[in-house]
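Below is one structure, written out as structure tokens; the observations come after it.
Lettering of chains follows the sequences in order, A, B, ..., and the numbering in each one begins at 1. All heavy atoms count here, side chains included; hydrogens, waters and symmetry mates do not. Just so we're clear, the structure is a prediction, and the values are computed from it rather than from any experiment.
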Amino acid sequence: MTGLPRYSGHSRCSMDAKKASMSTWKMVRFDNVSVYDSDVNLPIPAKEFASRLLKWYRENRRELPWRKDSDPYRVWVSEIMLQQTQVKTVIPYFQEFLKTYPSIKALADAQENEILSAWSGLGYYKRGRNLHKAARIVCEQHGGEFPRDLSQALQLPGIGPYTAGAILSLAYGEPVPILDGNISRLFSRYLKIEGVLEGSTLAQLQKFLVQLVSEASVSENIRDFNQALMEMGALVCTPRNPQCVSCPLAASCIAYQKGLEKTLPRPRTRRAVQEFHYTVAVISRGEKYLLTQNWKDTFLRGFWEFPRIQGPPTSRLEENFKLTHGLHLKVRKRAAPVAHRITFRKLNFHPVLVSLQSPAPQQTFTWTKPGQKGYPISSYIQKILKSIES
DNA sequence: CTCCGGTCGA
DNA sequence: TCGACCGGAG
């Protein structure tokens, strides 16, 4: 079953049936059964759709650091950071990152660990690693300039269909549509797409958008058009509690007309959450803490963390730290557990404040102030520290 | 607590 | 095509 609905008839419930019929395009085969082939009516003409959208954008767009210009490097960094991460979170990281790495060249010349510590707290650290790798490739193979060519852009690590489209359109003005979470959510409501937004449904939506860009004649205006759709998704057509009262497209939004704006899109299924417990040894020396690198787990690989053993605290934990880490320590105090979710894992960290009875093995440990350049950490480290302070 | 989301690799 | 990866918003 694919998600896109048959639209024959929808124009009847829109306000402008006559006009809407002028704006139709052929959808790809539905359910692989040709008898269901049908023309699709955008509820209003494509040009009207675009003009309402663009007017709203002119009046409501946020001034964001990466919207100051169309510099490909700035667009690139911002788009990578904005994957899975909200604007408000990204802003300070983006500002700092551009100060530290003002150009593709500067990024390519840096060490990966430094980049990861600039990324610390942002999550999805593979984005940072890939951005760094890609910067080196761009310097070596593309003369230091992000490729304008779609297939070349897609070759770069960390650049998928969305990000490639975003950079090509927003930085270079290539008239390609983009389809991110905001935009797919918006159209799932506007067109009332019932299926889960994945796979073939998204492929169909992508084709629909190509046609929309063409019919709406927004090729010259592609930067605003794409950003307007995303901005609408971020500010109006939000995941929860969409602000339909201030939506310039509500009058022709099919989900809104049917009262489905809160139930679409259908959520995708997720893996059940699994709980894990760890005891972590917090050992401080002034501002510095004893940290070690995580090589055991698949998550946060290579990141610095408090020495950690499996399971909640037991009476044998001193013995366990000796066996697991070669640390000779004495427990001073147990602190309240701190929970942290990473995908399907719920990690429960049980901090114990300890003192070191003999020096830590130098090979595997370091004394550092969390957040120190070159020592990437996850935000859960800060979470534990903050919890201990209080 | 639950839900959100681009890219990659199996 | 599915599941892993992260942290923050509601």
_Among B/dT7, C/dG3, B/dC4, which nucleotide has an atom closest to any side-chain atom of A/Pro267?_
B/dC4
*Would you indicate what A/Leu156 reaches in the nucleic acid, counting non-hydrogen atoms under 4.0 angstrom: base, sugar-phosphate, or nothing?*
sugar-phosphate
*Step-by-step salt bridge (Lys or Arg N to Asp or Glu O under 4.0 Å) determination, A/Arg129 to A/Glu112*: CA-CA 7 Å; A/Arg129 294 189 217 266; A/Glu112 186 185 89; 3.2 Å; yes
*Please give, in whole Å, the distance from B/dT7 P to A/Leu179 CG?*
11 Å
_Shortest side-chain distance from A/Lys126, nucleotide among B/dC3, B/dG9, B/dG6_ = B/dG9
_Parallel, tilted or perpendicular: ring planes of A/Tyr73 versus A/Trp76, cut at 30 and 60 degrees_ = perpendicular
*Could you work out which one of C/dA9, C/dC6, B/dG5 sits closest to the side chain of A/Tyr125?*
C/dC6
*asked:* Under 4.0 Å, counting only non-hydrogen atoms across every strand here, what does A/Thr89 touch: a base, just sugar-phosphate, or nothing?
replied: sugar-phosphate
*Centres of the A/Phe306 and A/Phe321 rings: under 6.0 Å?*
no
*Using whole Å, report how far CZ of A/Arg185 lies from C1' of B/dC4.*
8 Å
*Between C/dC6 (C1') and A/Gln274 (CD): distance, integer Å*: 17 Å
*Among A/Phe49, A/Phe208, A/Tyr256, ring pair (Phe, Tyr, Trp, His ring centres under 6.0 Å) partner for A/Tyr190*: A/Phe49
*Do A/Lys322 and A/Glu318 sit within salt-bridge range, that is, some charged N less than 4.0 Å from a carboxylate O?*
no
*asked:* In this structure, how many angstroms lie between the P atom of C/dC6 and the CD atom of A/Glu305, rounded?
replied: 12 Å
*Please state how far atom CG in A/Leu202 lies from atom C1' in C/dT1, giving the value in whole angstrom units.*
13 Å
*Hey, is the side chain of A/Tyr162 poking within less than 4.0 Å of OP1 or OP2 on B/dG5, counting only N and O atoms?*
no
*Do the side chain of A/Tyr124 and the base of B/dG6 come within less than 3.5 angstrom through a donor-acceptor pair of N or O atoms?*
no
*Indicate, with a heavy-atom threshold strictly under 4.0 Å, whether A/Thr85 touches base, sugar-phosphate, or nothing.*
nothing
*What about A/Gln83, does its side chain sit under 3.5 Å from the base of B/dG5 through a donor-acceptor pair?*
no
*Could you give the CD1-to-P distance, from A/Ile91 to C/dG8, as a whole number of Å?*
14 Å
*Would you kindly compare A/Glu198 and A/Arg240 by the position of their nearest DNA chain C nucleotide and give the one closer to the 5′ end?*
A/Glu198
*May I ask you to say what A/Phe344 touches in the nucleic acid, namely base, sugar-phosphate or nothing, with a heavy-atom cut-off under 4.0 Å?*
sugar-phosphate
*Taking only the side-chain heavy atoms of A/Thr298 (C-beta and beyond), determine which of B/dG6, C/dA4, B/dG5 contains the nearest atom.*
C/dA4
_A/Arg67 and A/Glu63 ion-paired at < 4.0 Å_ = no
*Return no unless some side-chain N or O of A/Ser379 is found under 4.0 Å from OP1 or OP2 of C/dC6.*
no
*Tell me which nucleotide among C/dA4, B/dC8, C/dA9 gets nearest to the side chain of A/Asn130.*
B/dC8
*Closest to side chain of A/Thr163, choosing from C/dC6, B/dG9, B/dT7*: B/dT7
*asked:* For A/Val280 and A/Glu305: C-alpha separation, side-chain torsions, deciding distance, then whether side-chain contact (heavy atoms from CB on, under 4.5 Å) applies.
replied: CA-CA 9 Å; A/Val280 295; A/Glu305 59 177 19; over 6 Å; no
*Calculate the interatomic distance between A/Leu82 atom CG and B/dG6 atom P; express it in whole Å.*
10 Å
*Is A/Lys383 touching bases, backbone alone, or none of the nucleic acid, heavy atoms closer than 4.0 Å?*
nothing
*Hey, does A/Gly199 reach any base, or is it just sugar-phosphate, or nothing, if we go heavy atoms under 4.0 Å?*
nothing
*Could you check how far CZ of A/Arg189 sits from P of B/dC4, rounded to whole Å?*
10 Å
*OP1 or OP2 of C/dC6 under 4.0 Å from side-chain N/O of A/His340*: no
*Is there a donor N/O on one and an acceptor N/O on the other, under 3.5 Å, for the side chain of A/Arg268 and the base of B/dG5?*
yes
*For A/Ile80, answer base if it contacts any base atom (sugar-phosphate contacts may also be present), sugar-phosphate if it contacts only those atoms, and nothing otherwise; contact means non-hydrogen atoms under 4.0 Å.*
nothing
